[in-house]
Protein chains: 2
Amino acid sequence: MQKYVKELKYHKLKITPQRLDILKFLDNNRVHPSADEIYQAIKIDSPALSKTTVYNNIDVMVKNNIIKSFRFMDSNELRFDYKTTEHYHFICRECKSIYDIDISLPYFEKFKNYKHKVEEFYGDYKGVCENCLKNNSKNK
Amino acid sequence: MQKYVKELKYHKLKITPQRLDILKFLDNNRVHPSADEIYQAIKIDSPALSKTTVYNNIDVMVKNNIIKSFRFMDSNELRFDYKTTEHYHFICRECKSIYDIDISLPYFEKFKNYKHKVEEFYGDYKGVCENCLKNNSKNK
DNA sequence: TGTTAGATTGTAACTATTACATTATAGTTA
DNA sequence: TAACTATAATGTAATAGTTACAATCTAACA
């Protein structure tokens, strides 16, 4: 728990039980949860939690770069990750599972002398996952 | 106009003035418009148009691969393109302009022997565009 | 020309998110 | 330790984008 306190203090944010709960949840559940999933999970042990608090804190933590927010291309809800190394997502069109792809790709090198200054990249890959390939030969 | 009729017929979709208007608009305005932008534009000449019709038709045309739908990572609205070659988007964090990036990147080659079967890719690049770099030296 | 499956329309519902006002509390100071 | 104050938490209401639904209409075919 001390590491979350340290993290918040570093960014001059007040230490509140709600913030610690959210950080702890994101750190222990690296499944790109949505705001509602975070809310529902924490509410079990802290029923007084308000969804607005989840949104407020997510917001302030994203702005302070403590957590990352992103969105899958075909989804209408934002998703969140405790600080991660750069990675991409693979979404299976059969079972909808989300896998992290950790293959490092030379995106930025390509843009060394490009007319625009490229700073960030977001990407999703889509297809059929390992398991669905195994279970359903028509996908091969 | 005949090419839109042909396109719809090929997919066994009924030819309606609304569908032709939407296709024509998307073909002539390759600026990734949102559903509302499509609706507002066509309404000028066809005031009876319903927004539900825009959504319905967008939906059926996406499903038939006549148009493409996608979403910018930090936006909550879907955007649409008349059939395009594969390309990526660059969004300027200063002026919010959207540029198409037509540099072809060897994404799929990397995944030839990957455990998952990669079929589609969506990506956004973000940074500072050519013009904003020129106009504001602090971005360099 | 009549029939009918499918399309269009308008309204209402829904989901994710944000705005806002009130109450509470973390962290500082006396 | 108590009091103070800036910030945070809460609940409600509002908003934006989209979808569901029922009634009406029309394109395409016999």
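Letters go in sequence order (proteins before strands), and every chain restarts at 1.
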Could you give the [atom1]-to-[atom2] distance, from [X] to [N], as a whole number of Å?
{"X": "A/Asn64", "N": "D/dA8", "atom1": "CG", "atom2": "C1'", "answer": "14 Å"}
{"X": "B/Leu49", "N": "C/dT8", "atom1": "CG", "atom2": "P", "answer": "9 Å"}
{"X": "B/Gln18", "N": "D/dT24", "atom1": "CD", "atom2": "P", "answer": "18 Å"}

Protein-nucleic acid N or O pairs under 3.5 Å, nucleotides 28-30 of chain C:
none

Point to revise | For B/Phe70, all residues meeting ring-ring contact (aromatic ring centres under 6.0 Å, His included), sequence neighbours excluded | key: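 ring-ring contact (aromatic ring centres under 6.0 Å, His included) check on B/Phe70 returns B/His32, B/Phe72, B/His89.
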Exercise for review: Select base, sugar-phosphate, or nothing to describe what B/Asp59 touches, counting heavy atoms under 4.0 Å on all strands.
Suggested key: nothing
Review point. Watson-Crick or G-U wobble partner for C/dA30, using a 3.5 Å limit on both distances?
Key: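 Its partner is D/dT1 (Watson-Crick or G-U wobble, both distances under 3.5 Å).
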Exercise for review: Write out all pairs satisfying salt bridge (Lys or Arg N to Asp or Glu O under 4.0 Å) with one or both partners inside residues 43-55 of chain A, taking only residues at least two apart or from two chains.
Suggested key: A/Asp36-A/Lys51
Check your understanding: Which pairs with one or both residues in residues 6-16 of chain A pass salt bridge (Lys or Arg N to Asp or Glu O under 4.0 Å), sequence neighbours excluded?
Key -> A/Glu7-A/Lys83
Check your understanding: Parallel under 30°, tilted from 30 to 60°, perpendicular over 60°: which one fits the rings of A/His116 and B/Tyr99?
Key ->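 Correct class here is tilted.
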With the criterion being N/O to N/O and under 3.5 Å, what pairs connect the protein with nucleotides 11-16 of chain C, and how long is each?
from	atom 1	to	atom 2	distance (Å)
C/dT11	O4	B/Thr52	OG1	3.3
C/dA16	OP1	A/Glu77	OE1	3.2

**Study point:** Criterion side-chain contact (heavy atoms from CB on, under 4.5 Å) on B/Ile66 and B/Val60, from CA distance to verdict
**Key:** CA-CA 9 Å; B/Ile66 299 172; B/Val60 82; over 6 Å; no
Output one line per pair: protein atom, nucleotide atom from nucleotides 24-27 of chain C, and distance, for all N/O pairs under 3.5 Å.
from	atom 1	to	atom 2	distance (Å)
C/dA26	O3'	A/Ile15	O	3.3
C/dG27	OP1	A/Ile15	N	2.8

